[in-house]
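Below is one structure, written out as structure tokens; the observations come after it.
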Amino acid sequence: MDRVIGHVDLDYFYAQVEEVENPSIKDKPVLVCVFSGRTEDSGVVGTANYPARELGIGSGMPIALAKRRLEGTDAVLIPMHHEKYEAVSEKVMDIVRERVDVLEQTGIDEAFFEVTKASAGDYSNARSLAVEIRKAILASEGLTASIGLGRSRIVAKMASDSAKPNGLAVVAPGETEGFLDPLPVIKLYGVGPKTAQALAEIGVRTIGDLAAIEAAKLEKRFGVKTAVYLHEAATGTDDEPVAERQGATQFSRIITLKMDTRDADQVLDELTPALDDLRSRLLSKGVSFRTLSAMGILTDLTIKTRSRTYEVPIDDLSACRDDMQGLLRDLTGSASKELRRAGIRVSSLSTRADQTSLTQFQ
DNA sequence: GTATGCTTTCGGC
DNA sequence: TTACGGCCGAAAGCATAC
């Protein structure tokens with residue numbers, strides 16, 4: 001039986017949540033902003049609604065630039081309310097989860113799902129399910145979402161992108177080639193600029209080119225594993241399952257420093273509240289880590305990191321303050337410029353449950 | 001040569 | 001003319017092991 005995979009994506013999520021809460025703004029340009037606090041306007045646009053996008057505003061744009069572009073309009077700038085979006089997201093994900101075989105959330109506003117069983121493998125049934133899911137999200141939360149359906153995760157994701165905003169795109173198995181082939185290969189999930197460049201060098205420009213190239217040619221350039229992945233992705237035959245995610249694979253906190261600096265002790269001092277916060281999050285979740293990283297964003301916005309991995313999982317971040325200081329000193333010492341932002345990340349996570357199950361076998 | 005694991009950087013939202 | 005967050009997971013690069 002053909003698999004039926006879906007991808008659901010909430011439209012301009014943060015800004016749409018703010019519109020639902022205050023419908024009087026919904027025809028105006030709405031910008032949900034991340035204010036860094038360094039100066040009045042420092043920060044970036046997190047999400048903009050479609051009226052704002054028509055005026056050239058997009059995610060990641062500096063707030064000061066967006067404001068200039070919006071002079072003379074009745075634009076509304078709203079600071080980010082992350083907990084609110086998190087709560088809405090949870091409700092939406094529950095609505096989807098109860099209508100599908102399995103849900104895999106991949107971000108605050110998007111998820112993959114499988115409805116092979118729920119649709120009995122029939123794309124017409126699956127379309128009805130997707131219509132119903134979109135209606136249920138709208139009825140419950142007042143939010144529009146876009147959904148894509150296809151025979152693989154990659155096809156479903158690309159289909160939902162093509163349907164945005166407030167749309168549904170169904171790519172039945174027989175339509176996969178026609179849908180994928182014309183797209184540039186860089187659009188393919190898992191193909192970054194390096195791979196795209198390497199593919200260009202062997203004459204592959206579109207996904208169709210990639211689907212048609214001989215296996216031997218791909219293997220010669222990328223090795224068997226990557227070659228197989230690329231071929232499956234390009235033909236929509238990738239069979240990566242949709243699986244509920246158990247927990248995050250990393251946690252991080254990042255801040256904008258009050259002033260640019262390359263003084264590691266000053267950075268550690270300013271990071272202390274973030275460290276304490278991260279420590280509490282880990283303790284309350286019962287999560288231990290083996291890898292500790294310091295991150296710096298330099299004045300030219302390039303990123304520098306330093307990390308170390310412990311042999312044994314650490315359950316209390318406060319034990320790592322000296323190591324964090326060492327990483328920050330190494331980082332600032334090797335940085336070509338001052339730091340504008342700084343952060344901490346922990347990864348290689350485990351939980352108490354993991355540890356128990358491991359020790360059972362010892 | 002390929003697999004694996006660690007470090008650093010990249011890129012999406 | 002410039003302007004510039006806070007997360008996350010994946011990709012890339014490298015070293016080492018087999």
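In what follows, chains carry the letters A, B, and so on, assigned in the order in which the sequence lines appear, proteins first and then strands, with residues in each chain numbered from 1.
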Which atom pairs, one a donor and one an acceptor, fall under 3.5 Å between side chains of residues 312-322 of chain A and the rest of the protein, sequence neighbours left out?
residue	atom	partner	partner atom	Å
A:Asp316	OD1	A:Arg279	NE	2.7
A:Asp316	OD1	A:Ser318	N	2.9
A:Asp316	OD1	A:Ser318	OG	2.6
A:Asp316	OD2	A:Arg279	NH2	3.1
A:Asp316	OD2	A:Ser318	OG	3.2
A:Ser318	OG	A:Arg279	NE	3.3
A:Arg321	NH1	A:Thr272	OG1	3.2
A:Arg321	NH2	A:Thr272	OG1	3.4

Which protein N or O atoms sit under 3.5 Å from an N or O of nucleotides 5-8 of chain C?
residue	atom	partner	partner atom	Å
C:dG5	OP1	A:Ser36	OG	3.2
C:dG5	OP1	A:Arg340	NE	3.4
C:dG5	OP1	A:Arg340	NH2	2.6
C:dG5	OP2	A:Arg340	NE	3.2
C:dG6	OP2	A:Thr256	N	3.3
C:dG6	OP2	A:Thr256	OG1	2.8
C:dG6	N7	A:Arg341	NH2	3.3
C:dC7	OP2	A:Arg253	NE	2.7
C:dC7	OP2	A:Ile254	N	3.2
C:dC7	OP2	A:Ile254	O	3.4
C:dC8	OP1	A:Arg281	NH2	3.4
C:dC8	OP2	A:Ser252	N	2.6
C:dC8	OP2	A:Ser252	OG	2.4
C:dC8	N4	A:Arg345	NH2	3.3

Report task. Identify whether any heavy atom of A:Lys67 sits under 4.0 Å from a base atom; if not, whether one sits that close to sugar-phosphate; answer base, sugar-phosphate or nothing. Result -> nothing
Requested in this report: Would you mind classifying the nucleic acid contact of A:Asp109 as base, sugar-phosphate or nothing, using non-hydrogen atoms under 4.0 angstrom?
Outcome: sugar-phosphate
When the distance from [atom1] of [X] to [atom2] of [N] is rounded to whole Å, what number comes out?
X	N	atom1	atom2	result
A:Ile303	B:dT9	CD1	P	9 Å
A:Phe289	B:dC6	CZ	P	15 Å
A:Asp260	C:dA3	CG	P	12 Å
A:Asp300	C:dA3	CG	C1'	15 Å
A:Lys304	C:dG13	NZ	C1'	14 Å
A:Ile297	C:dC4	CD1	P	14 Å
A:Ile154	C:dA10	CD1	C1'	13 Å
A:Asp323	B:dT7	CG	P	12 Å

Please determine if a side-chain N or O atom of [X] lies less than 4.0 Å away from the OP1 or OP2 oxygen of [N].
X	N	answer
A:Thr302	B:dT9	no
A:Ser307	B:dT8	yes
A:Arg68	C:dA3	no

**Report entry** Min side-chain heavy-atom separation A:Met80-A:Phe35 under 4.5 Å
**Finding:** no
Query raised in the report: Side chains of A:Asp265 and A:Arg329: closer than 4.5 Å at any heavy-atom pair?
Result: yes
Report task. Taking all non-hydrogen atoms of both residues into account, name the closest pair between A:Tyr50 and A:Lys164 and its distance. Result -> OH-CB, 4.4 Å
Query raised in the report: So is A:Arg290 actually on top of A:Tyr310's ring, under 6.0 Å and inside 45° of the axis?
Result: no
Query - Distance between P atoms of B:dG12 and C:dC4 (Å, rounded) - result: 22 Å
Query raised in the report: Parallel, tilted or perpendicular: which describes the rings of A:Tyr85 and A:His81, with under 30° parallel and over 60° perpendicular?
Result: tilted
**Report entry** Residue closer to the 5' end of DNA chain B, A:Lys157 versus A:Asp330 (nearest nucleotide)
**Finding:** A:Asp330
Report task. Evaluate the side chain to side chain contact (heavy atoms under 4.5 Å, CB included) criterion for residues A:Ile344 and A:Leu292: first the C-alpha distance (whole Å), next the side-chain angles of each, then the deciding distance (0.1 Å), finally the verdict. Result -> CA-CA 7 Å; A:Ile344 179 173; A:Leu292 174 74; 3.8 Å; yes
